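Counting starts at 1 for both ligands and their atoms, in listed order. Quantities reported herein were computed from a predicted structural model and do not represent experimental measurements.
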Amino acid sequence: MAKSKKKSSPPLQFKGIWDYAPAPESTDPVQLRDHYDLFIGGQFVPASSGKSFPSINPATEKTLATVSEANSKDVGRAVRAARKAYEGVWSKTKPAERGKYLFRIARLIQERSRELAILESMDGGKPIRESRDIDLPLVAAHFFHYAGWADKLDYAFPGKTTAPVGVAGQVIPWNFPLLMAAWKLAPALATGNTVVLKPAETTSLSALKLAEIIQDADLPPGVINIVTGAGETGASLVRHPGIDKIAFTGSTEVGKNIRKALAGTNKRFTLELGGKAANVVFEDAPIDQAVEGIINGIFFNQGHVCCAGSRLLLQESIADLLLRKLKDRMETLIVGDPLDKNTDIGAINSKAQLETIRKYLRIGKREGATVHQTSCSLPRKGYWCRPTMFLDVAQSHQVAKEEIFGPVLSVLTFRTVDEAIQMANNVPYGLSGGVWTDKGSKIFRVSNELRAGVVWANTFNKFDPTAPFGGYKESGMGREGGLHGLMPYVKLQSTGRGKG
Ligand code: NAD
């Protein structure tokens, strides 16, 4: 395995002398109970089976709390509570009033944002800098954004009236636990639907803290219900006949199963699935800026990002220079305690995910790729992976085609614009992409021809609640965010205005 320490540029030889002093964030703002129950009908209630599972801090391997495991009976209870709230209260609540509740939730999230950011880092392993500066501000922004839409739906869809769809079942992954909850809850509520939400089994705690906020906001009981558990709980929710719409974010494999389960039903669905994005760097790109963009593209959130720039496509003429700079920059990345404010790369979310990443490291080597990892030391406890890069990768390699969902970059080279576009599109996924060049015309051409839901130009991984997000091909269907994100949650009817 190529260790880059001896090849580092001169300042890096002072590593150790110039290390940052620890700057840990205190966990004092987070008060956790030993156990969390399900949140149904506005109350925390035990699971009918009495079963529970631990939520583990992946940086310490310690249990933070246990969480109740919902079975199909509990899911049924939650769906009934959501139906009752939909028919009795929420579908009759004036749009401006719905908006007020959402504004209230957004403000309460802002007030408790430090606590929630720390919890997100403890439960999920992401660096506090990211949960504090990216996740939490975006969570609040999504609630604010959709609060604003609640009484403006007639303007969102001119010439049409909107009606809610009913009860939405929402299943979310572990990589951005609270943010994925916000992406789903805020548009559903703004449009008058009620919800049963199932968080991922490794990161349920921030959703259950959100349940406390929902209580504090006096949201009518049953408008949001939260059932915790693993895949079987999610599958019960998907199958439940009382659900009108499924919103799923997670792996392509599970997304396909959900689509099969929904075939022949009247349930609407949106699927936000995996990705293997190409980050394409042309020879006329601002190189240092591109290096930062590549780092952000693949190492943000340990690479647990559906739209991560996990395939670097480099124009051959600049490959040597850029890779040298990239290796040097990678060497400076600080891996370790997610609660330390200096940390760039936190813990891998779970033991199972670390095993998946390790499996791909073995596959890549077997396929003939060269592995480059940084020389940083790793904590003894917890789940960690060094920033990693596969060189000498061919398009046919598994590590060039499949989502690894970790801090692992696959590097390929190209010669012409046509070749770059062909390579970028040559995967089953189509969620995101990046293009780095000085030429506006090249940006327009490449971004138009990339079959991806989002394409960033001379930047990467930028999110905004006003912008739609979603994929093509095996990255899913439907959009979340912005005006597009309202559409899955409304039935549209023509008013006839503006005709003839
Ligand atoms: P996953 O598919 O294993 O699990 C996602 C959620 O689905 C979890 O809550 C899980 O408990 C639940 N689930 C598992 N099996 C189920 C079943 N049979 N029926 C219903 N629910 C079931 O995915 P993950 O490992 O938690 O998340 C990582 C994946 O999510 C990656 O592939 C990533 O690309 C994708 N993702 C996509 C987006 C997007 O917007 N496109 C955003 C974030 C993550």
Nearest-contact summary for [atom] - protein heavy atom, Å:
atom	answer
atom 28 (C) of ligand 1	Phe405 CE2, 3.4 Å
atom 1 (P) of ligand 1	Ser251 OG, 3.5 Å
atom 12 (C) of ligand 1	Val171 CG1, 3.6 Å
atom 35 (C) of ligand 1	Gly250 O, 3.1 Å
atom 27 (O) of ligand 1	Pro173 CB, 3.3 Å
atom 38 (C) of ligand 1	Cys306 SG, 3.0 Å
atom 44 (C) of ligand 1	Asn175 ND2, 3.3 Å
atom 15 (N) of ligand 1	Gly231 CA, 3.5 Å

Working to the nearest 0.5 Å, report the span between [atom1] of [X] and [atom2] of [Y].
X	Y	atom1	atom2	answer
Leu136	Leu178	CG	CG	6.0 Å
Ser49	Asn71	OG	CG	5.0 Å
Arg451	Ser475	CZ	OG	11.0 Å

Does the N or O separation between [X] and ligand 1 drop below 3.5 Å for any pair?
X	result
Ile172	yes
Leu273	yes
Trp174	yes
Glu201	yes
Lys198	yes

Can you list the ligand 1 atoms lying under 4.0 Å from a non-hydrogen atom of [X]?
X	result
Glu403	31 (C), 32 (O), 33 (C), 34 (O)
Ala200	9 (O)
Gly234	19 (N), 20 (C), 21 (N)
Thr249	5 (C), 36 (N), 37 (C), 38 (C), 39 (C), 40 (O), 42 (C), 43 (C), 44 (C)

Under a plain distance cut-off of 3.5 Å, with no hydrogens placed, do [Y] and [X] share a side-chain donor-acceptor pair?
X	Y	result
Asp337	Thr343	no
Gln398	Tyr360	no
Ser72	His240	no
Asp123	Thr203	no
Ser121	Ser131	yes

**OP:** Compute the centroid of each ring, for Trp183 and then for Tyr146, and state whether the two points are separated by less than 6.0 Å.
**Re:**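 Ring centres of Tyr146 and Trp183 not closer than 6.0 Å.
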**OP:** May I ask you to check whether Tyr86 and Trp90 place their ring centres under 6.0 Å from each other?
**Re:**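 No.
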Heavy atom of [X], distance to ligand 1 below 4.0 Å:
X	value
Pro199	yes
Ala230	yes
Phe176	no

Original post:
Do Leu262 and Val238 touch side chain to side chain, with heavy atoms closer than 4.5 Å?
Top reply: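 The answer is yes; the side chains approach within 4.5 Å.
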**OP:** Show your reasoning for whether salt bridge (charged side-chain N to carboxylate O under 4.0 Å, His left out) applies to Glu120 and Lys126.
**Re:** CA-CA 7 Å; Glu120 207 72 321; Lys126 61 175 65 200; 5.7 Å; no
